[in-house]
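Proteins get letters first, then strands, A, B, ... in listed order; numbering begins at 1 in each.
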2 protein chains.
Amino acid sequence: MKTARDQLPMVLRAAYLALHRQSDHRFAEYGVTADQFVLMATLQRGEALTQRELARRMPSDPSTVRAMLVLLEKQGLIQRKTHPTDARARTVALTPQGEKLFQKLWQAGEPIRKQIQNSLPPGTIQDLVRLLQCVATGLKTDLHTDLETVS
Amino acid sequence: MKTARDQLPMVLRAAYLALHRQSDHRFAEYGVTADQFVLMATLQRGEALTQRELARRMPSDPSTVRAMLVLLEKQGLIQRKTHPTDARARTVALTPQGEKLFQKLWQAGEPIRKQIQNSLPPGTIQDLVRLLQCVATGLKTDLHTDLETVS
DNA sequence: CTAACTTCGTGCGTGTACGCATGAAATTTG
DNA sequence: CAAATTTCATGCGTACACGCACGAAGTTAG
């Protein structure tokens with residue numbers, strides 16, 4: 001018999017991939033992907049982030065974020081300037097078009113959020129968010145610590 | 001103020017990506033990825049699946065699964081034979097080495113499952129699994145149905 | 001039994017997930 | 001101040017996430 005803890009990883013994977021697919025389909029007509037939406041949403045809250053800080057908040061890998069920024073810059077949705085005080089860093093921000101498109105994307109994503117809500121027992125979304133936050137932070141703490149830092 | 005339903009997608013994403021990273025690191029020393037582990041786990045339960053059926057159960061895209069199978073076959077972990085009755089299909093199964101490696105992988109993944117359990121309030125894993133299943137199935141039902149099938 | 005349609009696998013293209021290495025700039029040390 | 005270390009962005013390579021289109025084989029319709 002499968003215990004809950006044994007099937008959790010698979011279910012988490014299935015839920016995320018389903019969300020990702022739906023989002024990609026919804027956003028396709030606006031010419032952006034689900035992850036580009038996440039990037040734009042992260043930019044929207046948080047002024048003039050460096051690429052590294054942006055990656056940290058997404059969360060994603062800096063080199064991944066860079067590739068996304070190149071594409072988004074080509075579409076005129078974001079802009080990169082050299083950091084005012086740190087010459088090696090670059091600050092990222094949404095362009096006016098980026099801001100405007102993001103508003104539409106947020107609207108376009110509403111049916112998905114609603115569908116999730118309807119799929120869940122009433123009032124359990126809050127619990128789900130809390131539990132997922134526990135999982136995320138619990139797994140984030142590790143990384144290069146194998147035996148140390150555990151005690 | 002951010003409602004739970006508005007932040008759920010991001011939190012779900014963060015939790016999954018954290019899990020994926022941890023898994024990749026754990027499995028790296030065995031020469032397989034987190035997703036290859038999922039594929040092998042799916043094969044283990046379910047004898048002689050076609051590639052399509054395997055993709056459906058993962059769940060993943062058939063063309064993605066094909067690419068993974070090519071790599072796993074090169075490593076001798078899985079084997080593909082032509083389907084006995086359907087000439088266009090191919091059945092997939094773990095090789096003995098694949099079976100053996102999977103046992104080790106399951107062990108190697110144990111710390112991750114434990115860490116998740118420890119991150120959560122006692123007895124809530126069951127709830128989390130249930131809620132995630134709701135999300136997954138709720139989002140799976142759609143796909144090409146825009147206005148129809150809704151009524 | 002052909003003809004139309006569906007289903008399986010494959011191949012190609014794009015975007016995202018990383019890791020690792022490099023060079024430049026900032027920070028810390030001596 | 002000069003040297004070692006850290007931090008930023010970039011570039012390259014691999015694996016996964018798809019979609020789309022193709023040919024081959026199975027199924028259904030006439």
All side chain to side chain donor-acceptor pair (under 3.5 Å) counterparts of [X], not counting sequence neighbours:
X: Ser60(A); answer: Arg13(B)
X: Thr82(B); answer: none
X: Asp24(A); answer: none
X: Glu53(B); answer: Arg56(B), Arg57(B)

Between the side chains of Asp61(A) and Ser63(A), is a donor N or O closer than 3.5 angstrom to an acceptor N or O?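 Yes, Ser63(A) and Asp61(A) have a side-chain donor paired with an acceptor closer than 3.5 Å.
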Any luck finding a side-chain donor-acceptor pair between Arg90(A) and Gln51(A) under 3.5 Å?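 Judged by distance alone, the side chains do not pair up.
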Euclidean distance, atom [atom1] of residue [X] to atom [atom2] of [N] [Å, nearest integer]:
X: Phe27(A); N: dG15(C); atom1: CZ; atom2: P; value: 17 Å
X: Tyr16(A); N: dA17(D); atom1: OH; atom2: P; value: 10 Å
X: Asp24(B); N: dA17(D); atom1: CG; atom2: P; value: 10 Å
X: Asp61(B); N: dA15(D); atom1: CG; atom2: P; value: 18 Å

Can you tell me if the side-chain N/O atoms of His25(B) get under 4.0 Å from OP1 or OP2 in dG19(C)?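 It does, given that an N or O in the side chain of His25(B) lies less than 4.0 Å from OP1 or OP2 of dG19(C).
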Do any side-chain nitrogens or oxygens of Ser60(B) fall under 4.0 Å of OP1 or OP2 in dA17(D)?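 Yes, Ser60(B) has a side-chain N/O under 4.0 Å of OP1/OP2 on dA17(D).
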Indicate for each nucleotide in nucleotides 1-9 of chain C, in 5' to 3' sequence, whether protein heavy atoms under 4.0 Å reach the base (B), only the sugar-phosphate (S), or nothing (-). ------BBB
For residues 111-135 of chain B, which residue pairs qualify under ring-ring contact (aromatic ring centres under 6.0 Å, His included), counting only residues two or more places apart or in two chains?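 Residue pairs passing ring-ring contact (aromatic ring centres under 6.0 Å, His included), neighbours aside: none found.
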Given pairs defined as Watson-Crick or G-U wobble with both distances under 3.5 Å, what dot-bracket annotation applies to DNA chain C, with ( ) intrastrand, [ ] crossing, | other strand and . unpaired? ||||||||||||||||||||||||||||||
Could you list all the side-chain hydrogen bond (donor to acceptor under 3.5 Å, both in side chains) pairs where at least one residue sits in residues 95-104 of chain B, not counting sequence neighbours?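 Residue pairs passing side-chain hydrogen bond (donor to acceptor under 3.5 Å, both in side chains), neighbours aside: none found.
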Strictly by side-chain hydrogen bond (donor to acceptor under 3.5 Å, both in side chains), give each pair with a member in residues 69-79 of chain B just once, sequence neighbours left out.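 Listed once each, the pairs are Glu73(B)-Arg80(B).
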Could you tabulate the donor-acceptor pairs under 3.5 Å formed by side-chain atoms of residues 125-134 of chain A, not counting sequence neighbours?
none

Which residues within residues 28-45 of chain A lie with some heavy atom under 4.0 Å of an atom in DNA chain C?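 Thr33(A), Asp35(A), Gln36(A), in order of number.
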Using links of under 4.5 Å between side-chain heavy atoms of ILVMFWY residues, direct or through other members, which residues join Phe37(B) in one cluster?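 Joined to Phe37(B), directly or through intermediates: Met10(A), Phe27(B), Tyr30(B), Val32(B), Val38(B), Leu39(B), Met40(B), Leu43(B), Leu49(B), Leu54(B), Met58(B), Val65(B), Met68(B), Leu69(B), Leu72(B), Leu77(B), Ile78(B), Val92(B), Leu94(B), Leu101(B), Phe102(B), Leu105(B), Trp106(B).
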